[in-house]
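Here's the structure, in structure tokens; my notes come after.
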Amino acid sequence: MSFVSLSSSLVSRGYFSSPRIVNTLAYHSSTPKRLEYSHDSTSRERNRAVTSYYNQSAIDNAAAKPSVRLTPSTIMYSGKGSESTHILKSAQYLQKELPVRIAHRIVGFRSLPFIVGCNPTILSVHEMYIKAFHLLNDFPTIQDMKDEEDYSRLLENLLDDFVHVVTQLAEGFKGSRKHMQNDDLIRQFLDRTLTSRLGIRMLAMHHLALSQDKPSHVGIINVSMRLKDVIEKWADFVTRLAQDKYGKAPRIKLSGHINATFPYIQLPLDYILPELLKNAVRATIESHSELSESLLPPIQITIANNDVDFIVRISDRGGGVRHNLMSKIMLYNFSTADLSDELRLESDLFGSLLETANRTTSGPMHGYGFGLPTSRAYAEYLGGNLQIQSLQGIGTDGAETFSTDVLVFISSGIISRKIV
Ligand code: ADP
Ligand code: MG
């Protein structure tokens with residue numbers, strides 16, 4: 001980590017009250033030769049960087065405001081209109097709302113335990129939030145469609161900058177969580193940061209989509225989403241991923257209410273479904289390593305749809321989850337995978353596959369231990385939950401087909417919930 005990053009985080013956390021103390025630190029940690037530079041331009045630049053990092057009254061002010069939540073039905077109705085006034089109104093709403101949401105997240109980063117907040121990857125995400133806050137907060141008041149266009153370009157760039165945040169946080173916490181005793185604290189921070197990011201992305205993407213004319217869509221809301229199509233898309237993706245990694249993949253079968261359609265936002269499912277399917281496919285293949293593709297027990301997906309929610313059950317015969325691991329698998333960063341192996345694969349295999357899959361999901365086949373906890377946080381954010389039932393088996397003689405059922409309940413009454 002560079003000196004500036006570290007010292008600025010020290011200051012922002014209130015460990016040091018002024019840049020002078022940071023300079024003193026620089027003094028003591030520098031070689032005599034470098035001391036000669038303490039008043040030159042390098043030092044001035046460092047001071048500026050440090051000051052801009054902790055002197056953040058705009059962030060403090062925004063963080064003191066509550067965020068104004070919308071229901072999807074509100075944005076669905078405000079997303080209709082023959083003129084472009086609804087697009088202008090949407091941009092003006094975002095201009096008020098986004099800085100507040102981002103400021104709340106920055107407060108979250110500041111309250112992380114010191115040693116965790118100093119992790120270079122976590123610090124760089126923290127800095128990205130600060131930069132995004134200023135870009136959005138300093139944007140001139142949106143008055144006409146020309147301003148709206150410029151604002152939309154800014155949103156596009158920010159969406160792009162933040163695309164890898166889940167993987168970056170996964171990496172950062174992997175490196176630093178050994179310094180933290182309190183699992184609850186990590187869970188609260190990550191649940192909040194990840195779901196808030198999801199909400200911000202939904203809002204920004206919805207706004208951008210308002211000016212596109214996509215059949216049966218209002219912004220990002222698919223007014224007649226066919227759950228079967230979304231599941232099939234991700235089943236294909238994970239099948240190809242597994243065939244590249246293991247040379248084989250189990251069949252994925254679909255049953256239940258396969259014709260159900262309802263209004264929904266696909267974005268969160270684009271994270272949850274591939275993560276759960278990767279887990280089921282990995283368990284199936286690794287627990288039956290000796291079996292050829294055609295003999296692998298298939299993964300069975302059942303869709304159930306009703307007035308209150310929709311449920312997706314993913315049943316695999318991948319040996320189940322051992323009793324002693326059941327309480328751990330929902331922890332962020334818990335994985336039974338060998339990370340180094342996965343990261344090697346990620347660079348060649350996953351990089352190219354992800355491009356073709358809209359870069360909506362992140363991370364390799366497994367290894368970060370983020371799939372389950374993040375999926376559960378998203379499901380709860382959407383008014384549902386995620387349950388795991390495991391039928392554990394003993395031994396691995398190949399004839400056994402002990403199973404894991406992952407049930408994701410998601411409220412289809414999303415329309416009345418304040419989530420975005
Ligand atoms: P990762 O896949 O990166 O390991 P996850 O959060 O997706 O992280 O899963 C955590 C752990 O839970 C996995 O490493 C695995 O041990 C266990 N697990 C998850 N799903 C299944 C499943 N369907 N069958 C058996 N074990 C599973
Ligand atoms: Mg996983």
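First listed ligand is number 1; within each ligand, the first listed atom is number 1. Throughout, numbering of the chain's residues begins at 1 and tracks the sequence. Side-chain atoms are counted along with the backbone in the values below, which use heavy atoms only and exclude waters and symmetry mates.
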Take Phe310 and Tyr264 through the ring-ring contact (aromatic ring centres under 6.0 Å, His included) test and state the conclusion after the steps.
CA-CA 11 Å; Phe310 63 89; Tyr264 208 71; 5.2 Å; yes
Audit row: Tyr129, Phe162, ring-ring contact (aromatic ring centres under 6.0 Å, His included) steps and yes/no:
CA-CA 9 Å; Tyr129 273 86; Phe162 278 71; 5.0 Å; yes
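Here is the list of ligand 1 atoms found below 4.0 Å of a heavy atom in Ala283: 22 (C), 24 (N), 25 (C). In summary, the atoms of ligand 1 found under 4.0 Å from a heavy atom of Arg282, numbered by their order in the structure, are 4 (O), 13 (C), 14 (O), 15 (C). Residue contact check: Asp316 has heavy atoms under 4.0 Å from atoms 22 (C), 23 (N) of ligand 1. Residue Tyr368 approaches ligand 1 through these ligand atoms, each under 4.0 Å from one of its heavy atoms: 3 (O). Heavy-atom proximity to Gly369, at under 4.0 Å, picks out these atoms of ligand 1: 1 (P), 3 (O), 6 (O), 8 (O). Atoms of ligand 1 lying under 4.0 Å from any heavy atom of Ser335, numbered from 1 in the order shown and given with element: 1 (P), 3 (O), 4 (O), 14 (O). In summary, the atoms of ligand 1 found under 4.0 Å from a heavy atom of Leu372, numbered by their order in the structure, are 5 (P), 6 (O), 7 (O), 9 (O), 12 (O), 19 (C).
Contact annotation: Asn279 places an N, O or S atom under 2.8 Å from the Mg ion (ligand 2).
Nearest to atom 27 (C) of ligand 1 by heavy atom, out of Val321, Ile388, Ile329, is Val321. The residue among Gly371, Gly367, Pro373 with a heavy atom at the shortest distance from atom 1 (P) of ligand 1 is Gly367.
Ring geometry for Tyr271 versus Tyr378: interplanar angle over 60°, hence perpendicular rather than tilted (30 to 60°).
For Thr404, every heavy-atom contact with ligand 1 shorter than 4.0 Å involves the side chain, none the backbone.
A salt bridge does not link Lys131 with Glu127: every distance from a Lys NZ or Arg NE/NH1/NH2 to an Asp or Glu carboxylate oxygen is 4.0 Å or more. One finds no salt bridge joining Lys174 and Glu171 here, because no Lys/Arg side-chain nitrogen approaches an Asp/Glu carboxylate oxygen to under 4.0 Å. At a threshold of 4.0 Å, the pair Asp270-Lys233 counts as salt-bridged, since one of the basic side-chain nitrogens sits closer than that to a carboxylate oxygen.
Nearest heavy atoms, His207 versus Ile87: CE1-O, 3.3 Å.
Aromatic rings of Phe173 and Phe370 (six-membered ring for Trp) have centroids beyond the 6.0 Å cut-off, not under it.
At least one heavy atom of Gly320 sits under 4.0 Å from some atom of ligand 1.
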